[in-house]
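Here is the structure we will look at, set down as structure tokens.
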Amino acid sequence: MEELSVNHLLGIKYLNEADLQLIFKTADQFKEVINRPIKKVPSLRDLTIANLFFENSTRTRLSFELAEKRLSADVVNFSAASSSVNKGETLIDTVNNILSMKVDMVVMRHPNPGAGVFLSKHIKASVINAGDGAHEHPTQALLDAYSIREQHSNIAGKKVVIVGDILHSRVALSNILALKKLGAEVKVCGPLSLMPKFIETLGVKVEPNLEKALNWCDIANMLRVQNERMDTSYFPNTREYVQQYGVNKSLLSRLEKQITIMHPGPINRGVEITSDVADSEHSIILNQVENGVAVRMAVLYLLASKIKAYAG
Amino acid sequence: MHQQLLLNAEQMQITLQRLACQLVENHKDFSQTCLIGIQPRGTQVLDRLHTILKKDFGLSSVEVGKLDITFYRDDFRRTDKPIQANSTSINFIVEEKQVVFIDDVLYTGRSIRSALTAIQSFGRPKSVELLTLIDRRFSRHLPIQPDYKGRQVDAINNEYVKVCWNETDQEDAVYLVKK
């Protein structure tokens, strides 16, 4: 059988289509595992994984931690808010200190783009990027693609629109890269002030009109407006954003077909989507969360299989 | 590559019939018993036995499941080649049931060791038995023996047992193959 072409998961950019399919196939089996009465397998029982979160996270950190525990790995957690990072320690020093405690894999979220790549060049452990600044969030893209595959049985040929703050979103970039590799058509939709320059070079089209975009697509992935990353005002006010780019029930009922609504979370209810849409039968938001654990188990398992036991 | 025929299609059918009879002898109406095929190749044996139980013995409600042991193997990160996981489908709880594991070839016993761990995720069985079409004697790494066996074979290290099925290999046969 095949194995992953990489030793670290730093971004979708470094994966090929076979890697993506292998992760999905493995995730299928883990999804069955996490629906058993006893949701645990012993595969990673002799490995230790450090979760290093230099940036806030609830969902991703919990999801990784659950995935690690269901694979029987030992887990250590670290969050920057309560650590020596605030005392001026460098990233390498922090991580090397943690690694001298014999850690085999590192899951890291960091506010700086490229932090994962940097780390992977300097330490021996496998690195999994759990979000680096506005750059990539590969496991989110994997679970989004996996959820589409589950809902629509295939990704190739599907039409996906990513709506919202594309400029500050690592989810958008990773999603675009993954979906394109899997043969989907992708459009992005949002205020032009929140569109990165040269986004078309990724092979996506920009559609500024939400209703047109939704009429075109099979799946709409709604992104949150990332106020915390905004150094200036990108649109006049939230009310105007909601009127132009918020999805609500009446907009969905005007469409010619039924579309699937996705959201990576956290949702700002009433901004990018209204509550009745988030909780409707169109939405697969909670499926995404469940699939997140299965997909992360698959990634951890496949990367761990490349760490040889007793390799010095 | 040299191969010796151990069982032809007719002999295989007779052997499977006998194994089914032995199961019925011990488990009667199967009300407290479930049959679990070990992925990937034990499921073929399971399917055949299940068909015989239905057709010849009128046992139409036997609980059957397929168990994949990949995530429970003791050689994870110790073999050069990664192993592809197969699907598990067990839609019932094995708590207080008599479980019969079904596999094609029993060799080192390590797969069955993994299966014994894996099945615990579905409850605590009352008992576990092992049925295997071919038992390779004198090659066990662990103290595991079959309760029902189709045929015993003595094979040396550079030989292996190849089980072929009509569904996948265009014939029913068992061969002893020299590498």
Side-chain angles (χ1 to χ4, degrees), chain A residues 1-7 18-19 21-49 67-73 104-105 125-126 150 293-312, chain B residues 34 36-43 46 63-97 99 101 108-126 128 141-142 168:
Chain A
M1 127 179 175
E2 337 91 284
E3 58 178 358
L4 287 183
S5 64
V6 292
N7 292 323
D19 290 333
Q21 298 294 1
L22 175 61
I23 292 170
F24 295 158
K25 259 192 270 171
T26 313
D28 282 340
Q29 314 312 337
F30 281 118
K31 183 143 186 194
E32 185 274 322
V33 168
I34 60 175
N35 282 298
R36 290 179 189 173
I38 295 174
K39 302 162 177 59
K40 205 164 170 146
V41 293
S43 306
L44 267 58
R45 64 180 164 227
D46 45 0
L47 292 178
T48 308
I49 303 176
E68 290 152 4
K69 289 185 167 164
R70 295 206 162 143
L71 288 165
S72 303
D104 305 285
M105 302 176 89
S126 299
E150 186 180 64
V293 178
V295 166
R296 289 182 174 110
M297 283 173 85
V299 167
L300 289 163
Y301 176 83
L302 291 168
L303 287 177
S305 72
K306 304 195 88 179
I307 307 172
K308 289 295 164 228
Y310 317 119
Chain B
C34 54
I36 304 286
I38 309 295
Q39 287 274 31
R41 302 196 58 98
T43 57
L46 171 69
E63 280 189 307
V64 295
K66 295 177 179 178
L67 179 66
D68 182 61
I69 54 146
T70 308
F71 304 133
Y72 299 85
R73 290 174 65 112
D74 58 3
D75 57 352
F76 180 59
R77 306 198 294 119
R78 288 160 180 82
T79 51
D80 293 333
K81 281 188 181 164
I83 311 125
Q84 175 83 56
N86 289 290
S87 63
T88 293
S89 64
I90 300 179
N91 305 320
F92 46 86
I93 300 292
V94 299
E95 190 80 22
E96 282 304 306
K97 292 225 173 88
V99 171
F101 283 156
T108 62
R110 283 176 187 267
S111 302
I112 302 303
R113 205 272 325 144
S114 307
L116 285 166
T117 315
I119 199 67
Q120 290 174 20
S121 295
F122 298 91
R124 178 182 181 272
K126 188 176 175 199
V128 181
H141 294 178
L142 297 166
T168 48

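Chain identifiers are assigned alphabetically (A, B, ...) following the order of the sequence lines, protein sequences preceding nucleic acid strands; residue numbering begins at 1 within each chain.
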Legend entry - Region of B:Thr79 that comes under 4.5 Å of a non-hydrogen atom in chain A: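 Just the backbone, heavy atoms under 4.5 Å.
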Legend entry - Which atoms of B:Ile93 approach chain A - backbone, side chain, both or neither, heavy atom under 4.5 Å: side chain
Distance in Å, [X] [atom1] paired with [Y] [atom2], rounded so as to fall on 0.5 Å steps:
X        : Y        : atom1 : atom2 : answer
B:Phe71  : B:Ser121 : CZ    : OG    : 11.5 Å
B:Arg77  : A:Asp104 : CZ    : CG    : 6.5 Å
A:Lys31  : A:Met297 : NZ    : CE    : 13.0 Å
B:Ile119 : B:Ile36  : CD1   : CD1   : 4.5 Å

Legend entry - A:Lys306, part contacting chain B, at a heavy-atom distance under 4.5 Å: neither
